[in-house]
**Q** 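Mind having a look at this structure? Questions to follow.
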Amino acid sequence: MRMGMRARFVIGFLLATGCSSDPDPCEGIVGACIGLTSGASTTEVQTALIEIEPGGTIAFGKGTFEMTGELSLDVAGVTLVGEGMDATILSYKNQTNGAQGILVTADNFTAKDFAIEDTKGDALKILGTTGVTIQRVRVEWTGGPKETNGAYGLYPVQCKKVLIEDSVAKAASDAGVYVGQSDQIIVRRNRAELNVAGIEIENSTNADVYENTATTNTGGILVFNLPGLDVANGARTRVHDNEVFDNNTENFAPAGNIVGKVPMGSGVVILAAHEVEIFKNTIKDHKAFNVGMVSYVPVGTVNDPEYDQYPTAIHIHDNTMTGVSDMPTGELGALLITAIGELYPNGPFITPDIAWDGVVDPARTPGNPAEKICIHDNGDANFINLAWPLSEGTLPSESLAPHACTLPPVPAVTL
Amino acid sequence: MRHTLLLILLAACGDGGTEPCDPLGPMCKQLASYPLGDAVPYALSTPLFSDYTVKDRSIILPAGESLAWRDRDSFVAPVGTIVVKTFSYLADRRDPAGARRTLETRLLIKQDAGWTGASYVYPEASNDPADAELAIAGAQLTTSWTHADGSAKTNDYVVPNKNQCKECHAEHDEVIDLLGPKARHLNTGDQLAELVDAGVVTGAPPRAQWPAGFAAYDPASGTVEQRARAWLDINCSFCHNERGVARTSGLYLTAENTDPLTLGICKPPVAAGRGSGGRLYGIVPGQPEASIMTFRIESTEPDIRMPELGRNLVDAEGAALVRAWIGQLPGSCP
């Protein structure tokens, strides 16, 4: 009986779309498919997302789909496909309900070849699933960087086996590509522009971030561990072969958000992360630093006994870093300026390629290889240990000698 | 009598009794129009705020079956149970017995595989369940009424889609469950005692051990703290618990949580985006106007307001209660 209902529904749908002169978006798609053309209402699209059979495809035709509310998908194995990230657009300019653009809570989800624009909140959120594939999807707030833009663009959280590739994220007020509290992650060949954070890996394990371009964000690529979360202490992130340059957009995150503390002009930022290998990237033209490492100590008070607030086992090697200059901004920027002033009271205040807050867990044994920060073979990239909080008896240092070490490679991720 | 009728409906579904009805099929519509007086009606000590609608709730249990008591979580319902909730606007909130417009009837149906939800929407001109239509993709209804203060109110009332049942009702581990029928929510007046006496609820401990229910909007019901926590419990904790949809936030607003940090006290936001409102912590003791919690429960913006679903309007009375509670909390944040 239920199957009968479904069959009638699909036929009805084909009849309805058959009246249009547009080609059937399902043409050439194998298996169950519901085709939608650009006049489809939010209700029609949502109906398709409910009625689609497990493993089926929802095909969006060319054109702009005006969505007035959040869409949600809870059927496993479904693919959402359009006809290209510039040809098929789900526009939420007139969104009046729901916080997300699309919320997915089903396993083995695929999105490809369409765009999501101007959602009130997050554009594409995937919560607590296994198997996420995002290919050639564009998420964008078309008015450019604004505090009122949604927080996250592509946003899998508490997921396993996540692939995000060849996609574009623009003008998110937090992170364009954000993978949080997840495991087994590949983020590659994406372009992140004009976001506060271009690409952010947060409280996640086994992430591989490569061949991306992150430019004109406030910070290019972030690897963060935050306290107070369900999944604490992420580890094992590779950041390699990325182009990270000119991330000098003023921070436009709404106040109160942790990302609001990222200084304008940050290339790659590590916050209390563990086992991070940063190699073979080109990181250049940043007003604060090319690579920054910070513990949670200068950021805030931690009230989470599970949380390790110090970055450990960080390995930065074989990167090309150039073109750092100018004055850093924000709280961390002020710290940089103070530290440089300690070393060069009369200037010049040339900002460093690699900066570290210098905060070490007092309970740790110095020299423990599992906790080292190793930096080598980055051309003539310079370095500063900021010796936070710069109290009596501590001085910043530019010496790389304490960091002349190596660490075992972080394994590549295969899905 | 009601069991006989139910059996007829079950037989009509042709699934041997364990599948009471296909929510996409026509039989559930008949269930939605089932006379509520023949089912077991119930009320909650504090209801979830739903844009000032009034809600009529009832439960239909299979013959000879009952709800099994649990101290904290919802009572366990047997397969075949149907829970019915009808949402209406009073034409004038000052006249509860007066005219009303019925908006939708929601069903939760317990099948072998678990709970399934469905909503039936009434046309504007009719309160007759026979005219209600299944709306799996939800609906938006233009409504108006006279408010308690005599002012004219309007609302584009949103009927949730079928997936959105889960966004609230998947209280734990992404499994849909009942939210209202819990000991503390049913413990209002003598209602729970009557349900136990009638055998609708079985396995209850002695009455002295029942968790208290507090009526958030009735100052005689408890202290400001008890009532504010009851309000947060029913309005927030179905997502904001350690196994709920909002677990990624680290904010847990369940009735039993006593940990200040996960209650939001001096807790920085995680992924709030614009929802932080420029405020630094979930709750700043003594300073409701500096707390993210009040910013979000007093907002009507889709990406800021909490809860995310099921409300367009601000629960002014509930928000005032939460403000009062935060205002009397001692201490300060760094």
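Just so it is clear: chains get the letters A, B, ... in the order the sequence lines come, proteins before strands, and each one is counted from 1. Keep in mind the model is a prediction, meaning the values are calculated, not measured.
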**Q** Tell me if the NZ atom of A:Lys160 is crowded by more than 12 foreign heavy atoms within 6.0 Å.
**A** no
**Q** Answer with side chain, backbone, both or neither: which region of B:Phe295 has an atom nearer than 4.5 Å to a non-hydrogen atom of chain A?
**A** neither
**Q** Quick one: does B:Asp156's side chain get under 4.5 Å of A:Thr96's, heavy atoms only?
**A** no
**Q** Heavy-atom count around B:Glu289 CD within 6.0 Å, excluding the residue itself: above 12?
**A** yes
**Q** Under a 4.5 Å heavy-atom cut-off, does chain B meet the side chain of A:Gln158, its backbone, both or neither?
**A** side chain
**Q** Where does A:Thr68 contact chain B at under 4.5 Å (heavy atoms): side chain, backbone, both or neither?
**A** neither
**Q** Measure the shortest side-chain to side-chain distance between B:Ile136 and A:Glu51 over non-hydrogen atoms and say whether it is less than 4.5 angstrom.
**A** yes
**Q** Non-hydrogen atoms of chain A under 4.5 Å away: do they reach the side chain of B:Arg279, the backbone, both or neither?
**A** backbone
**Q** Between A:Glu70 and B:Asp303, is there a side-chain heavy-atom distance shorter than 4.5 Å?
**A** no
**Q** With chain B as the partner, which of A:Ala99, A:Gly300, A:Ala151, A:Ala172 has the greatest number of non-hydrogen pairs under 4.5 Å?
**A** A:Ala99
**Q** What heavy-atom pair brings A:Asn149 and B:Arg274 nearest, and what distance separates the two atoms?
**A** O-CD, 4.5 Å
**Q** Of all of A:Leu229, A:Ile258, A:Asp174, which one pairs up most often with chain B through heavy atoms under 4.5 Å apart?
**A** A:Leu229
**Q** Between B:Leu261, B:Leu280, B:Thr248, B:Val158, which residue shows the highest count of heavy-atom pairs closer than 4.5 Å to chain A?
**A** B:Thr248
**Q** Can you tell which of A:Ser173, A:Gly128, A:Ala253 has the highest number of heavy-atom pairs within less than 4.5 Å of chain B?
**A** A:Gly128
**Q** Most heavy-atom pairs under 4.5 angstrom with chain B, which of A:Gln100, A:Gln181, A:Glu202?
**A** A:Gln181
**Q** Is it the backbone or the side chain of A:Thr148 that comes under 4.5 Å from a heavy atom of chain B, or both, or neither?
**A** both
**Q** Any non-hydrogen side-chain atom of A:Thr105 less than 4.5 Å from a side-chain atom of B:Glu174?
**A** no
**Q** Atom CG of A:Leu71 and atom CD of B:Gln164: how far apart are they, to the nearest 0.5 Å?
**A** 9.5 Å
**Q** If you count heavy-atom pairs under 4.5 Å between each of B:Ile292, B:Val245, B:Thr262, B:Asn312 and chain A, which one has the most?
**A** B:Val245
**Q** Is the number of heavy atoms from other residues, nucleotides or ligands under 6.0 Å of A:Glu250 CD greater than 12?
**A** no
**Q** CG of A:Leu103 to CG of B:Leu309: how many Å apart, nearest 0.5 Å?
**A** 8.5 Å
**Q** Dump the intermediate steps for side chain to side chain contact (heavy atoms under 4.5 Å, CB included) on A:Thr43 and B:Gln140, then the final yes or no.
**A** CA-CA 10 Å; A:Thr43 302; B:Gln140 198 158 319; over 6 Å; no
**Q** Check A:Asn97 against B:Arg305 and note the closest heavy-atom contact, atom names and distance.
**A** CA-NH2, 3.6 Å
**Q** How many angstroms lie between atom CD of B:Glu167 and atom CG of A:Leu127, to the nearest 0.5 angstrom?
**A** 9.5 Å
